2 protein chains.
Amino acid sequence: MSCEEKATQKLSERGFRITPQRRVILHILMHANAHLTPTEVYEEARKSLPSLRETTVYRTLEFLTQVGLAQEAFSKTSKSAYEISDYAHHHLICRKCGKEVEIPHVKMKPLCEDIETETGFQLMQNHLSFFGLCPACQKN
Amino acid sequence: MSCEEKATQKLSERGFRITPQRRVILHILMHANAHLTPTEVYEEARKSLPSLRETTVYRTLEFLTQVGLAQEAFSKTSKSAYEISDYAHHHLICRKCGKEVEIPHVKMKPLCEDIETETGFQLMQNHLSFFGLCPACQKN
DNA sequence: ATCCTTATTGCAAAAACTTGCAATAAGGAT
DNA sequence: ATCCTTATTGCAAGTTTTTGCAATAAGGAT
Ligand SMILES: [Mn+2]
Ligand SMILES: [Mn+2]
Ligand SMILES: [Zn+2]
Ligand SMILES: [Zn+2]
């Protein structure tokens, strides 16, 4: 039973099809220890599935995000990158040196609840990037 | 005295040069009542400055963001768009129908201060997009 | 096992965005 | 007014991302 089995089951249950392309991409995301750009996913994925095309990578990452299995991130370069959507968290990034700190979602919870009651919106699991200057870069 | 005068003065003071390209783009941003994509800025700007190129638009928007005169937004399409950075605010966007609600920054202030004391980072004026389902779309 | 429906992929071309480098021109100095 | 320095722009080419449409194949039905 391969590691992406649980995720593909979710897709199945919701009426989506399981394809080799989706399997490979899920597998890669699940073993990545960083946010990956579509190009990085593509390079890695085609090692085991050479027929895979960039177009499909873009569409699959978008798809996985829509169904909640992945989430998009905006990093220093403002290029988008993706990761598996497991635990809720956010990022704080130094605009100067790129240093990143993770912000657990619990810190944001009160704000989210406030927004929900005030607007009537139902928030989804957001994955935000705050920017600022890290302690080191403030001195220079 | 044209409307973008105050902004260009700021640039001058900080040692940056005032160019027709920057003037036009600032002017457009200051009169826009929405977030504009680089292409939209380009189309509008070249009406009064036909020699302007896309490259310059991208670089100028990036530049204005760096110096704090503009800010980037990530909307439903995830394509980037820009607006003048006047008052601090954030966005809440319905993932289904695209409806947008503005969130005043004051709502976020306690969270930001919490993050600053905890991490030592000094936050810049962030311009975030929350996603969720609007009341109407929750029913369907 | 074969057929059917249609979601998903690949293909080809376009659109959006980036990059290195040479030409230009803003703004300070003479 | 002219010159100088170098920040900024344009140019050309590359890379990334999107899009419409035809081909493919996943998964349910027979
Ligand atoms: Mn993350
Ligand atoms: Mn905004
Ligand atoms: Zn830093
Ligand atoms: Zn909605």
Side-chain angles (χ1 to χ4, degrees), chain A residues 2 4-5 7-28 35-46 48-67 69-70 72-82, chain B residues 2 4-5 7-28 35-46 48-67 69-70 72-82:
Chain A
S2 53
E4 72 274 11
E5 201 62 21
T8 56
Q9 244 169 32
K10 271 193 196 168
L11 290 181
S12 234
E13 283 160 15
R14 296 180 53 183
F16 299 111
R17 295 182 183 175
I18 313 304
T19 66
Q21 292 86 348
R22 288 178 175 171
R23 281 200 128 79
V24 172
I25 291 174
L26 273 170
H27 186 86
I28 287 171
H35 300 163
L36 298 180
T37 65
T39 302
E40 288 168 336
V41 171
Y42 172 66
E43 298 292 0
E44 183 65 22
R46 73 182 335 224
S48 54
L49 191 63
S51 63
L52 180 72
R53 299 290 163 232
E54 275 116 327
T55 306
T56 303
V57 173
Y58 283 102
R59 283 198 276 227
T60 301
L61 290 172
E62 162 74 10
F63 165 78
L64 293 175
T65 300
Q66 293 296 342
V67 300
L69 287 175
E72 199 175 358
F74 300 100
S75 51
K76 180 153 187 264
T77 67
S78 105
K79 270 188 196 155
S80 69
Y82 293 81
Chain B
S2 55
E4 71 273 11
E5 202 62 22
T8 55
Q9 245 170 31
K10 271 192 197 171
L11 290 182
S12 236
E13 284 161 14
R14 296 180 51 183
F16 300 110
R17 295 181 183 175
I18 313 305
T19 66
Q21 292 86 348
R22 288 179 176 170
R23 280 199 129 79
V24 173
I25 292 174
L26 272 170
H27 186 87
I28 289 171
H35 300 165
L36 299 180
T37 65
T39 302
E40 289 168 337
V41 171
Y42 172 67
E43 298 293 0
E44 184 64 25
R46 72 181 336 222
S48 54
L49 190 62
S51 62
L52 179 71
R53 299 292 161 227
E54 276 114 329
T55 307
T56 302
V57 172
Y58 283 103
R59 283 197 275 226
T60 301
L61 290 172
E62 161 74 11
F63 165 77
L64 293 176
T65 300
Q66 293 296 340
V67 301
L69 287 175
E72 198 175 358
F74 300 98
S75 53
K76 181 153 189 261
T77 67
S78 104
K79 270 186 198 158
S80 70
Y82 294 81

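All figures in this text were calculated on a predicted structure; none of them were measured in a lab.
- To the nearest 0.5 Å, atoms CG (B/L11) and CZ (B/R23) are separated by 10.0 Å.
- Considering every non-hydrogen atom in both B/R14 and B/V67, the closest pair reads NH1-O, 3.2 Å.
- Rounded to an integer number of Å, the gap from CD1 of B/I25 to P of D/dT9 is 8 Å.
- Atom CZ in A/R14 sits about 12 Å away from atom P in C/dT8, given to the nearest Å.
- Residues B/S48 and B/V24 approach most closely at OG-CG1, 3.8 Å, considering heavy atoms.
- The phosphate of C/dC17 has OP1 or OP2 within less than 4.0 Å of a side-chain N or O from B/Y58.
- To the nearest angstrom, C1' of D/dT16 lies 16 Å from CZ of A/R53.
- Remark: DNA chain C takes part in the stems C:1-30 with D:1-30, each of 3 or more antiparallel Watson-Crick or G-U pairs, criterion distances under 3.5 Å.
- Both B/P38 and A/F63 sit near DNA chain C, but only A/F63 has its closest nucleotide nearer the 5' end.
- The CZ-P distance, from A/R46 to C/dG10, rounds to 10 Å in whole Å.
- Applying the side-chain hydrogen bond (donor to acceptor under 3.5 Å, both in side chains) test to pairs two or more places apart or on separate chains, those with a residue in residues 49-64 of chain A are A/E62-A/Q66.
- Regarding B/L11, its CG atom lies at a distance of 11 Å from the P atom of D/dT9, rounded to whole Å.
- Taking the side chain as every heavy atom from C-beta outward, B/T39 and B/V57 never approach each other to under 4.5 Å.
- Here the closest heavy-atom approach between residue B/A7 and residue B/L26 is recorded as CB-CD1, 3.9 Å.
- Atom OH in A/Y42 sits 13.5 Å away from atom CG in A/L61 (nearest 0.5 Å).
- Checking side-chain atoms of B/R22 against main-chain N and O of B/L64 turns up no donor-acceptor pair under 3.5 Å.
- Rounding to whole angstrom units, CD of residue A/E43 and C1' of D/dT16 are separated by 12 Å.
- Atom P of nucleotide D/dT16 and atom CG of A/L61 are separated by 14 Å, given to the nearest angstrom.
- In this structure, B/E62 places its CD atom 19 Å from P of C/dA16, rounding to the nearest Å.
- At the heavy-atom level, A/T37 lies nowhere under 4.0 Å from the strands shown.
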In 5'-to-3' order, the base (B), backbone-only (S) or no-contact (-) status of each nucleotide in nucleotides 19-30 of chain C, using a 4.0 angstrom heavy-atom cut-off, is BB----BBS---

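- Counting only distance, with no hydrogens or angles, the side chain of B/E44 and the backbone of B/V41 share no donor-acceptor pair below 3.5 Å.
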